[in-house]
Amino acid sequence: MDRLEHDLRQLLGSDRWALPYDAGLVSRARDGAARRRRARGAGAIAGLAVVATAAVLVTVSALGPAPDRVPPPSRESLPDPPLIVVDGDVLLTCGIGPRFPASALDRGASGPADQGEVTAALDDLRATAGIDAPVELQKSPASAARWMVLGDDPSASPRELLVALGNWDVYGDPNPAVREYVTLERTENGWRANRWGSYCDLRPALRNPISWAVVTGVPGGLDPNSSTVTVEVMEIECTSGRDPSPFLHEPVIVETADTVTVYWTSTRGGETCPGNPSVRRTLQLDQPIGDRVLRDGSHWPPRPVTGF
Amino acid sequence: MNERADTQFEVFVRARLAELLRFGHVLTGSPHAAADLVQDALERTLLAWPRIQKRDDPEGYVRRTMINRYISIWRRRSRERLVAQIPDRASGSEPPDHSDLMWALAQLPPRARAVVVLRFYQDLSERETAAMLGCSIGTVKSQTARALARLRTHLGAAAEKGSSWTV
């Protein structure tokens, strides 16, 4: 056994991967199974209805609700700090590769990257990675695939591009299962893919040494008549499993008529990843929360907090 | 599902949940993704329980479901992406244990990572891994070799940044 295999076994077998028993998970699994059972039953009944009354069903589906699009947060609601806002455009990140303005999601990065060279690099990745290549490139060569350069950092060494693959419908599907990307680095011979993945966890970029904490849930639920909200907060970077209490900053809370968005950050530290503890904190709002949506601002777009 | 089968499912989950969560964590690199993956797999297992419990290995069914979901659609969570930055270290400081290998592991695509986990965490043979992934033994061999080669490449990049891991 060589050293790599030995270290792999040691790493994968270490206690850092242990997670606490979660009885709530089993309850949620039962609820989920019950929903799937009901959906299957409803599907069978709908199938019979299609056979019996096809015209009615077509009408029903036409009247059904379209997927809700999440509007991009308005410029006025973007707090800087902790966000980095330049000319009203917030900087975003996938966690790797160059940062990019949110406007690039609509029209791509403005920059001198040669489209022909980028296409060649993507085709090279498609040829060399085979079944491990991004799915979008497995389906089509780069000339026919959907892709867009989001980020270009000419000042980085080596220079890097961040390329989105497929249709990143960020505001139509803010919580997708797949959001493929590739980072390309500049070489003497053009661009070369150095990293790729199936999911860009899109978040607003932060200034060093700040990192995101995330609101993971609201124990006890929301009281519409109350202006205080107790939440669970957890750091998301590798912090060696520290108690986050000394490192959490005061949250920035942005309230609108429809939403309450919490931007919570902490001071970066620690490197190992045994899993991070959460802590409870109480938010003080300007008004009772009412029926407004509580959102976590560490995602882009901000994401409703669903853990109650 | 009758009450007896329901009780048997409950007993199974109580006995194996911690290990399934750990397996999910090793697979995804994220506690939250692990919990989501396990919950999703348990939902599917519960729906198929009357059929599954007759087999010898219901846990194998759950793990296969987790792997299939992870490879097909699972999202990478933020922690894994943030670890993808090679940790900076002050000169002269001792590196944390296996941090470069953690980073390199986080760079692997889902299928490659699944092969590594099955071979080096679960310690499955090539034949057992092939059965779990639903592919040939030859495919497992080549995917294992490619995954290890990728890890060495990424570790080499980390070495260039001044870490202690040498290829």
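Predicted model only: the values in this text are computed from it and were never measured. In what follows, every chain begins at residue 1, and chains take the letters A, B, ... in the order their sequences are listed.
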Of the backbone (N, CA, C, O) and the side chain (C-beta and beyond), which part of A:Asn194 lies under 4.5 Å from a heavy atom of chain B, both, or neither? backbone
Contacts of residues 138-150 of chain B with chain A (heavy atom under 4.5 Å):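 Residues B:Gln143, B:Arg146, B:Leu148, B:Arg150 are the ones that qualify, each having a heavy atom under 4.5 Å from chain A.
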To check you understand the geometry: which heavy-atom pair defines the closest contact between [X] and [Y], and what is its length?
X: B:Gln107; Y: A:Arg195; result: OE1-CD, 3.7 Å
X: B:Pro109; Y: A:Trp196; result: CG-NE1, 4.4 Å
X: A:Arg28; Y: B:Gln39; result: NE-OE1, 3.1 Å
X: B:Leu47; Y: A:Ala33; result: CD2-O, 3.5 Å
X: B:Leu21; Y: A:Pro20; result: CD1-O, 3.5 Å

Going by heavy atoms in the side chains, are A:Asp15 and B:Arg22 under 4.5 Å from each other?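 A side-chain contact under 4.5 Å exists here.
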When A:Ser211, A:Ser14, A:Ala29 are compared by non-hydrogen pairs under 4.5 Å with chain B, the top option: A:Ala29
Please lay out, stage by stage, how B:Arg119 and A:Leu8 fare under the test side-chain contact (heavy atoms from CB on, under 4.5 Å). CA-CA 10 Å; B:Arg119 296 280 286 121; A:Leu8 259 180; over 6 Å; no
Test A:Leu25 against every option in B:Leu17, B:Leu20, B:Asp36 by the side-chain contact (heavy atoms from CB on, under 4.5 Å) rule and name the one that passes. B:Leu17
When only pairs under 4.5 Å are counted, which of B:Arg14, B:Arg111, B:Glu19 shares the most heavy-atom pairs with chain A?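 Option with the top pair count is B:Arg14.
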[atom1] of [X] to [atom2] of [Y]: how many Å apart, nearest 0.5 Å?
X: B:Phe23; Y: A:Leu12; atom1: CZ; atom2: CG; value: 11.0 Å
X: B:Arg152; Y: A:Leu4; atom1: CZ; atom2: CG; value: 4.5 Å
X: A:Ile236; Y: B:His32; atom1: CD1; atom2: NE2; value: 9.0 Å
X: A:Asp7; Y: B:Leu101; atom1: CG; atom2: CG; value: 6.5 Å

